[in-house]
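Below you'll find the structure, written out as structure tokens, and then a few comments.
Every value quoted in this text rests on a predicted model; they were computed, and no experiment measured them. Note that these values count all heavy atoms, side chains included, but never hydrogens, waters or copies made by symmetry. Every chain is numbered from 1, with letters handed out A, B, ... down the list of sequences.
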Amino acid sequence: LCPGCEFLFPQASMMFAQCSPRCASSVLLLMLLCCMLPPPALGSKSSEDIRCKCICPPYRNISGHIYNKNVSQKDWPFTSSTALLWPCSSTFHLLCWGCLCLGLLHCFFPLQDARSLATAPTPSGARANTVLERVEGAQQRWKRQVQEQRKTVFDRHKMLS
Amino acid sequence: MDQKSYRRESFQSSTSDEDMLEIAGASLDFSMAEDDPPLDREMGGFSSYNGGEMNGTSTMMDFLEEPLPGVGTYEDFNTIDWVREKSRDRDRHREITSRSKESTWALIHSVSDAFSGWLLMLLIGLLAGSLAGLIDISAHWMTDLKEGVCLAGFWFNHEHCCWKSNTTFTDRDKCPEWKSWSQLILGHGEGAFAYILNYFMYVVWALLFSLLAVLLVKGFAPYACGSGIPEIKTILSGFIIRGYLGKWTLIIKTITLVLAVSSGLSLGKEGPLVHVACCCGNILCHLFTKYRKNEAKRREVLSAAAAAGVSVAFGAPIGGVLFSLEEVSYYFPLKTLWRSFFAALVAAFTLRSINPFGNSRLVLFYVEFHMPWHLLELVPFILLGIFGGLWGAFFIRSNISWCRRRKTTKLGKYPVLEVFVVTSITAVLAFPNEYTRMSTSELISELFNDCGILDSSKLCEYVNDFNSTKGDDLPDRAAGPGVYTAMWQLALALIMKVFITIFTFGMKVPSGLFIPSMAVGAIAGRLLGVAMEQLAYYHHDWAIFSGWCSQGADCITPGLYAMVGAAACLGGVTRMTVSLVVIMFELTGGLEYIVPLMAAAMTSKWVADAIGREGIYDAHIRLNGYPFLEAKEEFSHKTLAMDVMRPRRNDPPLTVITQDSMTVEDVESIISETTYSGYPVVVSRESQRLVGFVLRRDLIISIENARKKQDGIVSTSVIYFTDHSPPLPPSSPSMLKLRSILDLSPFTVTDQTPMEIVVDIFRKLGLRQCLVTHNGKLLGIITKKDVLKHIAQLANQDPDSILFN
């Protein structure tokens with residue numbers, strides 16, 4: 001599976017860093033291709049970046065703030081000590097008692113490999129006739145089967161009612 | 001000669017019956033069985049694959065006989081012969097083990113044969129996990145599509161779109177990249193017209209998804225509708241439904257499940273995920289000869305696949321195995337337990353690495369808090385259990401009566417219109433209320449959530465008093481106006497979900513029941529929890545609260561009440577026991593809440609059992625008339641085998657075949673005049689002493705094959721089932737030996753055997769039929785269908801509702 005799509009992080013307590021990395025691709029097809037293809041070369045690991053978002057609530061006269069920062073992967077994952085020191089600026093926020101820090105992982109997947117995989121070699125034309133006939137036969141059989149199933153379920157209500 | 005003695009109704013107009021009648025010349029159409037071609041071109045090899053030879057000594061002649069293709073396979077809508085399948089597997093295994101000592105190649109073959117089961121489990125886990133991940137991601141995206149679209153890329157769902165936005169703290173809930181439909185079309189999101197436009201687009205998308213789903217189901221795979229669990233239970237008990245676990249059903253079920261869930265209907269995806277996982281299991285079985293050819297071994301694999309299905313649905317591998325053991329499987333040997341666990345684990349890990357929700361969780365709702373609970377809270381928990389039981393019984397009764405109406409009246413003639421109407425009603429009623437507009441999984445997630453300091457949802461709008469806060473541990477607080485609004489909105493949502501699910505479950509789209517029941521329970525639980533919390537806050541000086549719930553303490557967690565309510569309702573509807581508690585505790589990740597969960601589950605099961613006897617899946621099995629023999633049967637009257645057997649007292653005697661005195665013509669006329677699926681073979685008509693039992697399908701195949709391929713077989717040829725041919729004058733035509741298809745060890749009971757023992761034998765051994773003897777002579781036959789009809793009659797149900805053979 002594509003290493004950019006998965007990230008195990010330590011279960012820091014909710015107080016400090018409830019960090020939930022997320023693969024930047026909710027693309028269905030691309031996601032599937034990404035996770036089915038062999039992992040990209042290790043050199044591309046440097047292109048992975050983590051975007052961290054820290055929500056710090058207001059306290060007395062200190063207003064709330066949201067901090068965004070892109071962090072390279074070598075600084076991730078945070079231990080509890082480093083999480084305290086980053087990224088909140090004011091002294092109160094430094095203590096981070098209510099600071100919710102969330103992380104996001106960008107996923108760079110090899111689109112060019114996906115495209116090259118899409119062009120598969122076509123079968124030779126010499127056996128096309130029998131292949132065609134077989135396909136025709138299979139299609140006929142399948143149509144009959146679907147008709148039978150439709151009769152059973154929709155018309156006669158013998159199953160799945 | 002022809003006696004219409006006992007009638008075993010076979011499936012009325014199935015193609016298999018019609019094929020039976022075209023015996024002369026025409027060949028049986030084996031290609032109908034798409035997912036399980038019985039015609040296997042590879043013959044020879046192990047002659048112990050010989051279909052009918054059971055426990056008999058094989059002579060040299062039998063070894064040279066190769067099994068005919070089609071012998072030993074089953075027709076659609078028939079029950080398998082468990083004993084035959086198991087003994088075939090034992091023979092095969094014995095053969096491989098004995099040969100493994102001969103050469104290295106044979107040794108490698110035997111090792112790979114043993115290993116193939118584990119490899120198959122691994123593949124099933126991988127495939128089931130990947131499909132579940134695909135379904136989760138697509139459903140998440142398409143659900144959000146009803147409300148708006150992301151400008152940064154239309155393929156992002158709401159949460160992911162808003163992730164990237166840079167906002168200030170006060171505006172953190174606003175999200176400029178996500179545009180609702182009115183914002184996209186009109187340019188602004190405020191005002192009555194924008195609201196109406198959003199409403200309209202929501203309904204249009206919902207209708208589009210659901211109509212597409214039902215049209216795909218109707219057009220490509222009609223077996224893909226419904227939950228799937230009742231049919232899988234029946235298949236695992238030995239029934240054959242060809243095409244139900246095939247590749248087209250798998251593809252269509254996956255696609256239409258995503259569409260149905262995204263359309264906002266009140267259904268879940270857990271039941272259909274079990275069906276999807278079993279389809280994967282069935283399809284992958286074809287890669288391994290050991291499982292492809294043997295129906296009993298295949299059902300072991302299907303049990304494991306069902307466990308993997310529940311495991312990915314809930315992220316609960318142990319719960320999945322227990323669910324498979326408790327609810328779905330029929331025979332569950334210990335070996336299957338270990339393998340199912342392996343498949344469930346592999347599936348869960350695959351899903352985890354796909355990470356569909358981006359937080360390394362497998363389900364959208366999970367519980368992270370570990371607040372303690374007090375013993376006095378068991379009272380509201382038991383109340384929730386009672387509510388769950390009552391709701392479960394009410395739901396089962398109303399859903400079954402609605403499904404019966406769909407089955408018998410004109411309502412069933414318009415499936416597409418039915419889906420259209422139900423979806424439009426659901427969408428129109430769901431949009432105004434924020435809690436029904438969101439997807440049901442999100443609703444459950446929000447209800448399970450314990451309010452923290454940063455939660456800004458309406459449900460967490462408590463009156464905050466920062467002076468008394470210490471750390472993140474929030475005390476019980478007074479409810480703000482937001483909470484009161486949320487309460488009545490949730491109450492309306494509860495009423496709507498209770499009633500709309502009755503009409504949704506069982507429609508011709510894939511529909512599951514777990515999530516809607518959990519939603520109903522979670523809403524009820526949260527309402528009770530907030531009520532308890534406010535009671536404790538305002539009356540902390542009462543005797544019941546003063547001991548443990550002082551002012552400023554955090555004693556009541558409404559999220560826990562929601563969880564217990566969800567478990568109670570789910571238990572009331574499905575009557576799950578151990579598997580329910582284990583699934584819920586795997587969702588929470590801790591043992592703190594086992595006692596409340598068990599209290600609620602037990603109470604709800606007892607209350608529901610007191611009102612109605614069976615769970616929803618057993619009720620659907622009975623509604624459809626599947627031949628499923630339940631484990632526990634008690635009869636109010638004492639009946640004997642001779643009261644149930646056929647032929648009855650006034651019927652003509654049994655149709656039998658003699659062992660060496662009937663001709664091909666006689667046998668063919670018996671086959672064409674009767675519709676029984678098998679015939680007993682006796683020594684002679686006068687003695688009626690039993691020799692064995694022969695199946696109709698095997699007879700037809702063998703006779704047809706003999707007429708075509710063997711020399712000299714004509715209509716007057718004598719058929720013999722003995723070892724040596726009977727003495728006949730030399731002028732008679734050559735004789736046909738059919739000993740190889742004869743079952744020499746049919747099960748018999750005497751006519752005085754009580755029916756409880758007969759039912760026990762049927763269930764424990766998985767029999768299809770059982771012969772009845774008196775003083776050693778054959779008297780009659782009891783089939784599984786006779787047993788089921790007898791049970792139905794004793795329970796005062798309609799015995800003609802048992803439809804299948």
Considering all heavy atoms, the nearest [X]-[Y] contact:
X	Y	value
B/Lys218	A/Arg150	O-NE, 2.7 Å
B/Phe220	A/Val146	O-CG2, 3.3 Å
A/His157	B/Arg406	CE1-O, 3.9 Å

**Message:** For a 4.5 angstrom cut-off between non-hydrogen side-chain atoms, does A/Val153 reach B/Lys508?
**Reply:**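 Yes; the side chains approach each other to less than 4.5 Å.
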**Item:** NZ on B/Lys407 to CG on A/Leu160, rounded to 0.5 Å
**Value:**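 Spacing of CG (A/Leu160) from NZ (B/Lys407) equals 10.0 Å.
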**Request:** Would you check if the side chain of A/Lys158 reaches a backbone N or O of B/Gly625 as a donor-acceptor pair within less than 3.5 Å?
**Result:**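 It does not hold such a pair.
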**Item:** Leading residue by heavy atom contact count with chain A [cutoff under 4.5 Å; candidates B/Gly506, B/Ala221, B/Gly133, B/Cys225]
**Value:**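 With the most close heavy-atom pairs to chain A, the winner is B/Cys225.
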**Prompt:** Among B/Ile241, B/Asn624, B/Thr234, which one satisfies side-chain contact (heavy atoms from CB on, under 4.5 Å) with A/Met159?
**Reply:**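 Filter result, single survivor: B/Ile241.
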